[in-house]
There are 2 protein chains.
Amino acid sequence: MKRTSLAGDSCPVARALDVFGDWWSLLIIRDASLGRRRFGEFQASLGLAKNILATRLRTLLERGILKTVPASDGSAYQEYVLTPKGHGIFPILVALRQWTEEFDEHPDEIATIMVDRDRGKPVKKLALLSQDGRVLGAGDTTLKPRPARKPARRASA
Amino acid sequence: MKRTSLAGDSCPVARALDVFGDWWSLLIIRDASLGRRRFGEFQASLGLAKNILATRLRTLLERGILKTVPASDGSAYQEYVLTPKGHGIFPILVALRQWTEEFDEHPDEIATIMVDRDRGKPVKKLALLSQDGRVLGAGDTTLKPRPARKPARRASA
DNA sequence: GCATACGGTTTAATATTGCAACCACACAAG
DNA sequence: CTTGTGTGGTTGCAATATTAAACCGTATGC
């Protein structure tokens, strides 16, 4: 009767949600990608209960999204920073942001826009491209069964 | 003490999560984008309790992600289909999929790959571009305060 | 019509969330 | 080294959400 796990699911969307698809994890990851590192920073920024923050940080560590590093200010405390696997979540944050920018009923309540650091200009919308460079919408794609792993090009067993 | 709402948050990521950031909604949306339309189809595909499915469908309707249409087979039942606002979630599903493809520990358990319908070739990774066409990573972006709404270019009030 | 499938609602058990109090350790001051 | 405070949690309890399973009205199918 516990919350059903999606870990063994064959759908990659479900598998991702199993890792960080709960109510708080993505916001913690967002904060981490904004440079927040300390327990107290997350707690103050998100306003969630400390016990929940503690368990979320623990599972994000277990799952390789975050890692702990000795505190940057020389104190004996530790800090939480994104691993490469955690940084890989960035496009998902961008996609969420752009969805709100496009479809939210009250876009005036959005505080920030994402710009490229060099020019300060807004970024473009994420684009899904085919291998020959066409822009694809939802209707232009299908799912195919994943081909078996390529068998190392020797004798085909 | 109820689950804290993110609806009024100024962060666009949080606002999106408030709409479909719970455990099941994105999977319902995924199913809908795969062409599933009927209550029973969702329930069989996802294996979630029917009461939960009912409440999720209801809130997704309220929030303009889904709409009901008369059943396509002529029966008196209704079907659930994505609105344009719901179709807009597609890039988020793609981003989640691609994250799993890149970082999952057991990529062999992923059943499908996304291909472009015309050529049948795998799609490329979502790319974030600057206005002058450079590919941007997480470190190449910043957030700026959203500029005030442009005041209709007449007398500036 | 009569049985069955569909699309839910209701009920009760269990799990998760949220809040607040508590606690241990680090660090700073005296 | 002793006291005081901030940080980073843990613990316990109340409220809420999830789950499974029973139930039910309306459509279909025969």
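Letters A, B, ... mirror the listed sequences (proteins, then strands); counts begin at 1. What you see is a predicted model, and the numbers here were worked out from it, not measured in a lab. Heavy-atom basis, side chains included; hydrogens, waters and symmetry copies ignored.
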Has A/R38 got a side-chain N or O lying under 4.0 Å from the OP1 or OP2 atom of D/dG8? yes
Closest nucleotide among D/dG6, D/dA17, D/dA20 to the A/Y77 side chain: D/dG6
If you define the side chain from C-beta out and look only at heavy atoms, does anything of A/F39 sit under 4.5 Å from A/L53? yes
Both B/E41 and A/R56 contact DNA chain C. Which one's nearest nucleotide lies toward the 5' end? B/E41
Roughly, in whole Å, what's the span from CD in B/Q43 to C1' in C/dA5? 13 Å
Could you tell me the separation between the CG atom of A/L48 and the P atom of D/dG8, rounded to a whole number of Å? 14 Å
Phosphate OP1/OP2 of D/dT10: any A/R58 side-chain N/O under 4.0 Å: yes
Using atom CG of B/L53 as one end and atom C1' of C/dC6 as the other, report the distance to the nearest whole Å. 13 Å
In this structure, are over 12 heavy atoms from other groups packed under 6.0 Å from B/E105 atom CD? no
Going by an N to O cut-off under 4.0 Å, is there a salt bridge joining B/E101 and B/K125? no
Ionic contact status for B/R15 with A/D104, cut-off 4.0 Å: yes
B/L57 CG to C/dT9 P: how many Å, rounded? 10 Å
Rounded to whole Å, how long is the line connecting atom CD of B/E79 with atom C1' of C/dG8? 16 Å
Here's a test of your reading of the structure: between B/T55 and A/G40, which maps to the more 5' nucleotide of DNA chain D? A/G40
Where the side chain of B/R3 is concerned, which of D/dT19, C/dA26, C/dG18 is the nearest nucleotide? C/dG18
Closest-nucleotide 5' rank along DNA chain D - winner of A/K50 and A/T4: A/K50
note: A/F39, atom CZ; D/dG8, atom C1'; distance rounded to Å ~ 6 Å
With a 6.0 Å cut-off (strictly less than), is the heavy-atom count around CZ of A/R119, excluding the residue itself, greater than 12? no
Starting from P on C/dG18, measure out to CG on A/L46 and report it in whole angstrom. 11 Å
Taking only N and O in the side chain of A/W24, is any of them less than 4.0 Å away from OP1 or OP2 of C/dG18? yes
Which is true for A/A49 with a 4.0 Å heavy-atom rule: it touches a base, it touches only sugar-phosphate, or it touches nothing? base
Measure from CD on B/Q78 to P on C/dG7 and round the result to the nearest Å. 9 Å
Considering only side-chain heavy atoms of A/N51, which listed nucleotide, C/dC27, C/dT10, D/dG12, is closest? D/dG12
So does A/Y80 get a side-chain nitrogen or oxygen closer than 4.0 Å to the phosphate oxygens (OP1/OP2) of D/dG9? yes
B/I52 side chain, from C-beta outward: closest of C/dG8, C/dC27, D/dT19: D/dT19
